[in-house]
Amino acid sequence: MQSPRAIYMDYSATTGVHPDVLAAMMPYLGPEFGNPNSIHSMGVAARQAVEDARARVARVLGCRPSEIVFTGCATESINLAIKGIVRAQGRTGHVITSAIEHHAVLHSVEQLEREGYEATVVPVSSEGIVDPDDVRRALRPDTRLISIMYANNQIGTIQPIAEIGRIGREAGVPVHTDAVQAARSESLDAEELHVSSLALSGHKFHAPKGVGILYLRESTPLEPQQVGGGQEGGRRSGTENVPYIVGIATALERAAGMREEYRRHTSRLRDEIFEGLLRELPDVRINGSRERRLPNNVHVSFRGIEAQALLMGLDMRGICAASDSACQQAALQASHVLQAIGVPEDYLYGSLRLTLGDDSTEEDVQYLLDCLPELVRRLQALSPAAV
Ligand code: PLP
């Protein structure tokens, strides 16, 4: 049971830069170092690279190039969208979001609440899905924004964004979606999704860390957060990160071009893991919907064990995985997502997220299934809470 190499099963945390992406970036890290805002020939070449990248991203999103804003990460895109769209409509009002959003969304909404705005946090079902009717019912005459994520970063559930987008459109309320985890496998067509705003992060699809995208539908109100030289149409000032912008466009095109292949490859391995775990560990709990779920996401909980011990045990066996409970100041904190879907107390701290990617193999899965059940049984035997 020897691991031949480090087995990476944490592709939802981050991915490596693809060689084609790096190759496309290299000239702009080297000789083509012009500032896109300069008027000389080197500046013009850099500007062309940025505008070409913007047009390529716009093609994937089915929108106009002018509706694309390049940012430093998805956290920035989300902060800009949520606070920028709400504040641009006045100093009071109401926002709708869900209980299972990433903290970039939840903390942005909380910041608005501290400024006097009001928020409704809609629940999710025990499968981790938002009911569009809950969103409809939460609408108020002063609702400024609906922000619901496309796919959850922990349990991988996919939300009915097009339906929620339509509800917002009919009510005249902009809809923002955090599409960070959906980028590899789901359609990002802004028109089909009826959204006004959508955030993406390069490092989730083989571009470098530190570059993001914000799609912002034309005429959506926006108060910029970062002011200065007026770049990105005045929506995000700061000299454009040319190599990273070229990188994210190349990576997004690549991801869009191989969506079906990615879905087929990762979902087959994901289902093998689910079946293997259910066979070996009858009391394993699968978190989130089996059907409306990212093709590369396995999220399970084991009774009576602590995720940290499990992750360390897997790491010692050469497997890189994740959980969702953060250990802060020696106190175990349960995941807000698992609490929102009603995971019972004895399963709350023993969760495991395995996320697959292009390079995941059948052998990786077999090795995991050789190690994991035995490790779980051993930890459960040591834990009084498991019996
Ligand atoms: N939203 C979701 C759903 C995520 O999974 C992440 C990253 O883990 C982010 C937002 C933040 O992305 P970034 O690392 O680009 O700030």
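In each ligand, atom 1 is the first atom listed, and ligand 1 is the first ligand listed.
Panel note: side chain T177, backbone A179; no donor-acceptor pair is recorded below 3.5 Å. At distances below 3.5 Å, at least one donor-acceptor pair connects side-chain atoms of E101 with backbone N or O atoms of M149.
Between E260 and R263 there is a salt bridge, since a side-chain N of the basic residue sits under 4.0 Å from a carboxylate O of the acidic one. Residues E115 and K83 are not paired through a salt bridge, judged by the lack of any N-O separation under 4.0 Å between the basic side chain and the carboxylate. The residues E163 and R136 are annotated as not salt-bridged, no charged nitrogen and carboxylate oxygen being separated by less than 4.0 angstrom.
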For each nitrogen or oxygen atom of ligand 1, which protein N/O atoms lie closer than 3.5 Å, and how far apart are they, rounded to 0.1 Å?
unit_1, atom_1, unit_2, atom_2, d
ligand 1, 1 (N), D178, OD1, 3.3
ligand 1, 1 (N), D178, OD2, 2.7
ligand 1, 5 (O), Q181, NE2, 2.8
ligand 1, 8 (O), K204, NZ, 2.6
ligand 1, 14 (O), H203, NE2, 2.9
ligand 1, 15 (O), A74, N, 2.9
ligand 1, 15 (O), S201, OG, 2.7
ligand 1, 16 (O), T75, N, 3.0
ligand 1, 16 (O), T75, OG1, 2.5

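With Y262 as the aromatic partner, R184 meets the cation-pi criteria of under 6.0 angstrom to the ring centre and within 45 degrees of the ring axis.
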